[in-house]
Amino acid sequence: MSKTSANAVLQLRNAINEAFSKAMKEGLLPEAEAPQFIIEAPANRANGDLATNAAMAGARVFRMPPMKIAQALCDSISLEGTFFDRCEAAGAGFINFFFKPEYFASVIKEIETEGENYGNSDYGQNKKYMVEFVSANPTGPMHMGNARGGALGDCLAAVLEKAGYDVFREFYVNDAGNQIEKFANSLEARYLQIYIPETEFPEDGYQGGDITDRAKEFADIHGDAFVNAESADRRRALVDFALPKNIAKMQADMEKYRITYDKWFFESELHQSGKVKEVVDLLTEKGLTYENEGALWYKNIEILTKKYLEQGKSQEEIDKLELKDDVLIRANGNPTYFAADIAYHKDKFDRGFDTCINVWGADHHGHVMRMKGAMDAIGYNGDKLDIVLMQLVKLLSGGKPVKMSKRTGKAIQLSDLLDEVPVDSTRFMFNTREANTQMDFDLDLAVTQDNQNPVYYVQYAHARICSIFRNLEADGITKRDCTLEELTLLKESEELELIHHLAAYTDEVVAAAKNYDPTRITKYVTTLATLFHKFYNAHRVKCGEEALTQARLALCGAVRAVIKNVLTMFSVSCPDKM
């Protein structure tokens, strides 16, 4: 919570504890150890600004009705020197507390003082967190799932940083293994078809037009020089030509998407360094592998059964999961993707990260426990690997699903989306729905410049405040520093509601980080824009009283600062004019 809010809660907790002591001393309550209690904001602010369950928590201790305890506390409490004006017992024994105007004034002062740092906290205690996201297969263009994963992953990392974590962003490039072999075979067939049209295309090959394009680019440079080469040499040359181009395109798309990674980690590094072999050997040493039909298998059933039993599942429940063992080394001697993935996650923890977060598509659901179990199996804590599963995206235009790009006539890719939709809209809108819900992305709405577009709506609130300042300056009124006393003039319900929301920003950041849910912040800032428009439509900033005008300018400045804070954190532009 904000420093002002935290101070208010601390003041209140001390006042309640002192009230318990005084009530016992004066015989209003029997002598006993004061109970633990909570302080929270009531659902309805009309009932008070903060409330406590202290009386209900004390019912068993004092053997008295909660309402009687509540009245004793209200009669004994001293609110002098606090941010609170009064209290009252209510309902089944809740005690509601009401802020003095000085509290609201202090929130505005805090925002002015903290500026772009407002909302920062030490909740994360500088723990090292890695967020791995997108990690698209480099054998083809990035798709809509990658677009959503990019926005969610990058904004999640930003929220974690704001909440006090030391965050590292990583992209895992699958540039080795079975998919690269398939990539090579597909490129080879498309290349040969240029010169030998009857060349058959592999049944499991990549059908995308990008494969054909890369093969043609290769042919434009090398001609038919590789037609009669050894197949292995031809495929190696094609991959060495096409893969770096694909990876460079991915990096360019991410940069255009305003995503900067701390590291692009290549799977091939794991194989070249021997780390895949090391982790397979480690599992074998632990007795967790066996050979069957020439392949080396990992005892996934044994590991996960143990993990599920520890979590309280019954054997009957586990049997219904139909667990299977996994191949680590194929009969041809090649490691599987799963073996490399274990080595990769081991490498993450070896680099000193306290927690590793992966943003995966929902189709990876079955892989979550396998990887957590594998971490346990090699002596690491699988519970420190957290997975954010992301549902599919459906693109809409005119209320109907869209699958083809108007520009290319092919399936819409991330690069197409970024060509057609402003990055501001894309990043913001992908963070308006929680990762675990399917999302309809309205292309028409995303390019609309009106208040129906959520990012435009928030940006417009910022621009409107900038316009207020410009217009008042043209009238000779310039914002100056207000005293706390002047800020206490902000007493209208719309003003207080707005300040309450501003005070909640730090808590929202912490909650977003704790729940791995950056969409909380887009919702927060959208509500902030709504509350500002509500205030602005109800009250004139420039009024007959100079001190009140300045107080309202301070309020406008605080709202502007927090909107800019959020949009900047999410790498969304914050225009002064619209």
Side-chain angles (χ1 to χ4, degrees), residues 116 119 133-134 142-159 161-162 169 251-261 359 390 393-397 402 405-407 412-435 439-467 505 508-509 512 517-530 532-533 559-578:
E116 64 183 21
F133 57 104
V134 182
M142 290 188 284
H143 50 68
M144 284 303 101
N146 303 138
R148 188 179 191 189
L152 284 169
D154 196 41
C155 292
L156 170 57
V159 163
E161 286 172 332
K162 191 80 174 171
R169 293 166 171 84
Q251 292 173 328
D253 285 345
M254 289 294 99
E255 185 176 340
K256 185 174 181 179
Y257 207 12
R258 301 176 190 156
I259 296 175
T260 301
Y261 289 95
V359 180
M390 180 184 60
V393 178
K394 184 192 298 180
L395 293 180
L396 301 178
S397 181
V402 179
S405 168
K406 293 178 183 178
R407 183 173 59 83
I412 293 183
Q413 302 163 4
L414 170 61
S415 57
D416 297 319
L417 184 70
L418 297 181
D419 285 343
E420 296 180 19
V421 178
V423 176
D424 286 345
S425 284
T426 308
R427 290 181 63 94
F428 196 92
M429 287 180 65
F430 273 129
N431 272 288
T432 57
R433 295 294 302 274
E434 292 88 345
M439 180 176 189
D440 292 340
F441 190 98
D442 191 325
L443 291 167
D444 301 325
L445 180 62
V447 298
T448 301
Q449 295 192 359
D450 62 30
N451 285 339
Q452 296 302 308
N453 181 337
V455 71
Y456 183 94
Y457 181 71
V458 173
Q459 289 173 323
Y460 177 68
H462 181 271
R464 190 178 206 179
I465 295 171
C466 291
S467 176
Y505 177 51
E508 283 299 315
V509 171
D517 181 17
T519 67
R520 289 185 71 113
I521 304 303
T522 51
K523 292 171 184 174
Y524 168 87
V525 77
T526 302
T527 300
L528 179 59
T530 298
F532 172 74
H533 293 313
V559 174
R560 179 173 64 175
V562 174
I563 291 176
K564 185 173 183 178
N565 186 315
V566 172
L567 295 183
T568 302
M569 176 172 62
F570 281 1
S571 297
V572 173
S573 63
C574 200
D576 293 343
K577 297 179 180 180
M578 293 180 72

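Each residue takes its place number in the sequence, starting with 1.
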Restricting to non-hydrogen atoms, name the atom on [X] and the atom on [Y] that form the minimum distance, rounded to 0.1 Å.
X	Y	result
Ala147	Leu417	CB-CD2, 4.0 Å
Met144	Ile412	CE-CG2, 3.6 Å
Val134	Met254	CG2-SD, 4.1 Å
Lys162	Met569	CB-SD, 3.7 Å
Ser573	Leu567	O-CD1, 3.7 Å
Leu152	Ala435	CD1-CB, 3.8 Å

Measure the shortest side-chain to side-chain distance between [X] and [Y] over non-hydrogen atoms and say whether it is less than 4.5 angstrom.
X	Y	result
Phe532	Ile563	no
Gln459	Val572	yes
Thr526	Phe428	yes
Val447	Glu420	no
Met578	Gln449	no

side-chain contact (heavy atoms from CB on, under 4.5 Å) evaluation trace for Arg433 with Asp440: CA-CA 9 Å; Arg433 295 294 302 274; Asp440 292 340; 6.0 Å; no
Sequence-distant partners of [X], side chain to side chain donor-acceptor pair (under 3.5 Å), two or more places apart:
X	result
Tyr505	Asn565
Asn431	none
Ser571	none

What is the distance from atom [atom1] of [X] to atom [atom2] of [Y], rounded to the nearest 0.5 Å?
X	Y	atom1	atom2	answer
Gln413	Asn146	CD	CG	10.5 Å
Asp424	Met429	CG	CE	12.5 Å
Leu414	Asp253	CG	CG	5.0 Å

Check against side-chain contact (heavy atoms from CB on, under 4.5 Å), Ile521 and Glu508: CA-CA 7 Å; Ile521 304 303; Glu508 283 299 315; 4.1 Å; yes
Sequence-distant partners of Phe441, ring-ring contact (aromatic ring centres under 6.0 Å, His included), two or more places apart: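 Expected list: Phe430.
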Using atom types as modelled and distance alone, determine if a side-chain donor or acceptor of [X] lies under 3.5 Å from a backbone N or O of [Y].
X	Y	value
Ser467	Ala463	no
Tyr261	Phe133	yes
Arg427	Phe570	yes
Tyr460	Asp450	no

Stepwise side-chain contact (heavy atoms from CB on, under 4.5 Å) test for Asp419 and Lys256: CA-CA 10 Å; Asp419 285 343; Lys256 185 174 181 179; 2.6 Å; yes
Residues which pass side-chain contact (heavy atoms from CB on, under 4.5 Å) with Cys466, listed by chain and number, not counting sequence neighbours: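 His462, Arg470, Arg560, Asp576.
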Carboxylate-amine/guanidinium proximity below 4.0 Å for Glu434 and Lys523: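 Salt bridge flag = yes for Lys523 with Glu434.
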Review item, side-chain donor-acceptor pairs of residues 451-458, under 3.5 Å, at least two apart:
from   : atom 1 : to     : atom 2 : distance (Å)
Asn453 : OD1    : Val455 : N      : 3.2
Asn453 : ND2    : Ser425 : OG     : 3.3
Asn453 : ND2    : Leu445 : O      : 3.2
Asn453 : ND2    : Ala446 : O      : 3.2
Asn453 : ND2    : Thr448 : O      : 2.9
Tyr457 : OH     : Thr530 : OG1    : 2.8

